[in-house]
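Note on naming: letters A, B, ... go to the chains in the order of the sequence lines (proteins, then strands), and numbering restarts at 1 for each one.
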Amino acid sequence: MIAKVIVDVPSSQTDRSFDYAIPEQWVDIIQEGTRVIVPFGPRKIQGFIVEITEESEFKQVKPILEVLDVIPVLTAELIRLGDWLSKQTLSFKLSAYQLMIPAALRAKVTKEIHLLTDSVHLPKIIQPLFKMENRITWGALNENKLVLKAIQEAAREGFLEIAYLVEEKGKKKTERFVRVSGNRHQLDDIPARAGKQKELLTYIEETKQPLKVTSLLEETQMTRATLTTLIKKGYVEEFEKEVYRDPLGGVEYEKTEPLQLTEKQSEAIAPILDSLNQNMHDTFLLHGVTGSGKTEVYLQAIAKALSQGREAIVLVPEISLTPQMVQRFKGRFGSQVAVFHSGLSMGEKYDEWRKIRRNEVRVVVGARSAIFAPFTNVGIIIIDEEHETSYKQEENPRYHARDVAIWRGKEHQCPVILGSATPSLESYARAIKGVYHLLPLTERVNNRAMPTVNVVDMREELRQGNRSMFSNVLLEQLKDRLTKGEQAVLFLNRRGYSTFVMCRDCGYVATCDHCDISLTYHRTQHALKCHYCGHEEKMPETCSSCGSDHIRFFGSGTQKVEEELTKVLPEARVIRMDIDTTRRKGSHEKLLSAFGRGEADILLGTQMIAKGLDFPKITLVGVLAADSMLHIPDFRSAERTFQLMEQVSGRAGRHDLAGEVIIQSYTPDHYSIELVKAHDYERFFQMEMSQRKVGVYPPYVYMVLLNISHPELTQVIHVSEKIVTFLKRELSEQTVVLGPVASPLARIKDRYRYQCMIKYRNESGLRKTLLEIQQHYIREINQGQLQISIDMQPYMFT
DNA sequence: AGCACGCCGACT
DNA sequence: GTCGGCGTGCTC
């Protein structure tokens, strides 16, 4: 039998399967989706079996050397999905499969040099290496040319062997347990003086279950010696058992029962239940305003799927994967839930993944990559906050979780639910066209009112002489909440507003030497940092351009807002949440729970506080600079602004107290800000669609972004122009090819970047054309100078 | 990605 | 004459 194997070599020349003979003892045992180790040229590497066939076209096939899995890591469905995904995203099949397995299982190869004879036969220069040991790792060498050459020579003569070791990174965690041994015995056999032994044995017998050694000794206050004697005498036996790490630290979740659905919720869930009952695929867009009870709809739809013996996948944006969120699912479905988030260690992720693969859990809640959960009988897929851009992966394979969800939904003939208060234009347009099934959920539970929104014109404030970053209204409201003992959230969108350093005399702005971007001032280290390449330098005393000492930082970072805030409201207790204060693991939760306990009056933060925040005492939300996002060069900037404003507004007045929102803006009349007042998504959708139509943007067209980079500017321009010419020639008349133009970030890490854009409706030969480009430049790409990245349906234009 | 094969310049 | 540079092509 022959196994077709995708080998662990990420290059376009090896992006296909290779045939290997299945050793006799494995025939009929190993299945597709298993990881194996195979010989590949002179080395040993890892690979995935994607197909098993009777025969090979090759005269000579080498045998598989090792089989790594008892249960295949990829299901038949995932093998097909990976194939589809690699085609969709123009990435290697290998990369697609690696995406689907936990990092702990990804191949790691180490090279070792084994001494085969006495070291006296070796060239003198490498003899010292083998003084003590007869095997050394490749990493232990200093990569000296003469040394390498000597080793190569010795290996050719057979004195040394260069061995490739494929390691598994993931280690199963085991713990020692004891239980009563099978052979019957009498307690009386133990001499009376051995009271401790008797006591311990009795305890073990009475428990009737295997006991963890560490906890047994702790509970009984016995020593290890007593237990060892019992084991020696054969009364109890000790064994190792594989255990799962506990990422939730043994937290018990209080069981919750399904809530009575409101009329609107029942209406929304009915078509989903129909789809489940009929075992049919359909994509639903659940358009539910904040506080409309979307989650309860999810929970009950999941319960239905589980009752049919099927499984559920729930995606949430990483940032809202908070303990509160997890609690809702664990509370309803208990230990049937596996959770994936970036805070888990590699081992913990591996454990969660294995629970799924072994059918020990039936619900998975996680960020983007949880969409690849290796379930075999999926009954429902839910994507919460479907408009979030974090569902698109910004590195190869550049896939969108929504597309994968729909692919799997078709495969399993199950419903896919996209939920959002502010759906993406793409999804809403599809829902209106009838491609998706629209489920409106427009009322808040308990008929709670939407927060009132007040847009403040900051130009007017300036005219009236208010030069601070707080409008008079906002300041008054903040004072009001302080006296009432209520809480406020201040939101600062840092994007495009970072603290840059400028000379007041000549206007010089400190920029990174390797990237075309201004450096950001970090107060804690009193240093300037590049947010793209990590370059760091100390804050200059004088301007490097004119020598003036009038150099200082500008812009409104959260740190600066905090400073100002303490000046105008010295009595307010402020918690600041941004990248700086939440870098340490767990500090995010710590700050939030402190705020929840009322240890502060004002929560000041960036992006990360826009979601999931749900505290009863928050009655005021302030947005300091609503338009900071509006002016970035991205056709989705208005959409993002509206979504963010709605999202942030949703933080206020979620409980009994009414909420108020103050949005400060320099362009208060822009529809993306104006329409937040009425929370009018419909109207926003209409306005934005007409803009997209005029500009020829999605959802009216599909897009491809090509990013070309090279250390030499002339080369980038040259290649980019050739590519554009080629595209214009190959693609159809109606397709628009734009560029080449310098990327918004024209240089990163000393590489110049150009881009070109393709807008198309129908382009059957597109994939082929793009592959041809990659193929044509393969030499330059392999040499490491040129890079061409292709992003189908891009979300980032930097 | 690695590694071998192979074809042209500067050296014992 | 050879050693070694790295361009080209292969890995079942």
Side-chain angles (χ1 to χ4, degrees), chain A residues 1-24 26-27 30 32-68 79 83 86 90-99 103 106-114 123 125 137-139 141 143-158 160-167 169 395-397 710-711 715 774-789:
Chain A
M1 294 295 278
I2 298 297
K4 294 195 176 292
V5 175
I6 300 288
V7 293
D8 189 9
V9 180
S11 82
S12 52
Q13 291 144 87
T14 51
D15 189 31
R16 61 193 171 86
S17 65
F18 288 81
D19 292 0
Y20 288 91
I22 302 176
E24 193 48 48
W26 288 105
V27 171
I30 50 173
E32 296 163 353
T34 305
R35 291 172 308 143
V36 289
I37 293 182
V38 292
F40 194 66
R43 14 180 213 151
K44 284 192 325 193
I45 54 168
Q46 206 183 96
F48 293 95
I49 299 180
V50 289
E51 203 185 332
I52 293 174
T53 56
E54 294 279 337
E55 279 174 41
S56 172
E57 295 164 29
F58 285 81
K59 291 166 258 132
Q60 270 209 316
V61 288
K62 295 181 183 175
I64 288 170
L65 299 175
E66 266 179 76
V67 177
L68 296 178
I79 293 174
D83 198 59
S86 67
L90 297 159
S91 50
F92 305 136
K93 290 181 181 66
L94 175 76
S95 321
Y97 292 133
Q98 294 210 309
L99 204 60
R106 270 167 232 163
K108 190 184 164 224
V109 187
T110 52
K111 256 202 285 190
E112 272 191 2
I113 308 161
H114 297 181
I125 183 165
T137 61
W138 195 262
L141 295 175
E143 303 229 339
N144 172 302
K145 228 178 226 172
L146 289 171
V147 172
L148 290 180
K149 219 171 144 44
I151 286 171
Q152 209 167 32
E153 181 76 4
R156 206 173 303 149
E157 288 175 37
L160 294 176
E161 177 195 41
I162 299 182
Y164 294 89
L165 302 176
V166 184
E167 264 177 53
K169 279 185 274 186
E395 60 200 50
N396 272 327
H710 195 282
Q715 282 300 303
Q774 278 185 334
Q775 210 53 47
H776 184 260
Y777 288 104
I778 189 138
R779 232 183 311 128
E780 286 91 324
I781 292 169
N782 283 345
Q783 282 164 4
Q785 300 285 331
L786 180 67
Q787 276 176 23
I788 300 176
S789 98

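Remark: C1' of B/dG2 and CG of A/D8 are 13 Å apart, rounded to the nearest angstrom. The separation between A/N782 atom CG and C/dC10 atom P is 14 Å, rounded to whole Å. When rounded to the nearest whole Å, the span between CD1 of A/I45 and C1' of C/dC10 equals 13 Å. Atom CZ in A/R43 sits roughly 12 Å away from atom C1' in B/dA4 (whole-Å rounding). Per the geometry, NZ belonging to A/K4 stands 9 Å off C1' belonging to C/dC12, to the nearest Å. Taking atom CD1 on A/I781 and atom C1' on C/dG7, their separation rounds to 17 Å, with Å as the unit. Across the protein-nucleic acid pair, A/D15 atom CG and C/dC12 atom C1' stand 15 Å apart, rounded to whole Å. Straight-line distance from the CZ atom of A/R16 to the C1' atom of C/dC10: 9 Å, rounded to whole Å.
In the set C/dC12, B/dG2, C/dT11, C/dT11 carries the atom at the smallest distance from any side-chain atom of A/T14. Out of B/dA1, B/dC3, C/dC12, the shortest distance to the side chain of A/V9 is found at B/dA1.
Both the sub-6.0 Å distance and the 45° axial angle are satisfied by A/R16 relative to the ring of A/F18.
Using a 4.5 Å heavy-atom cutoff, the side chains of A/F40 and A/K62 are not in contact. Looking only at side-chain heavy atoms (C-beta outward), A/H710 and A/Q787 stay at 4.5 Å or farther from each other. Counting heavy atoms from C-beta outward, A/L94 and A/V9 have side chains that stay 4.5 Å or more apart. Taking the side chain as every heavy atom from C-beta outward, A/Q715 and A/L786 never approach each other to under 4.5 Å.
When heavy atoms are screened at a 4.0 angstrom cut-off, A/F40 is found touching base atoms of the nucleic acid.
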Determine, stepwise, if the pair A/I6 / A/Y97 fulfils side chain to side chain contact (heavy atoms under 4.5 Å, CB included). CA-CA 9 Å; A/I6 300 288; A/Y97 292 133; 4.1 Å; yes
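Less than 4.0 Å separates DNA chain C from at least one heavy atom of each of the following residues of residues 50-60 of chain A: A/F58, A/Q60.
Partners of A/S56 according to the side chain to side chain contact (heavy atoms under 4.5 Å, CB included) rule, which considers only residues two or more places apart in sequence or in another chain, are A/I2, A/D19, A/F58, A/V61.
For A/R779 and C/dG7, the shortest distance from a side-chain N or O to OP1 or OP2 is not below 4.0 Å.
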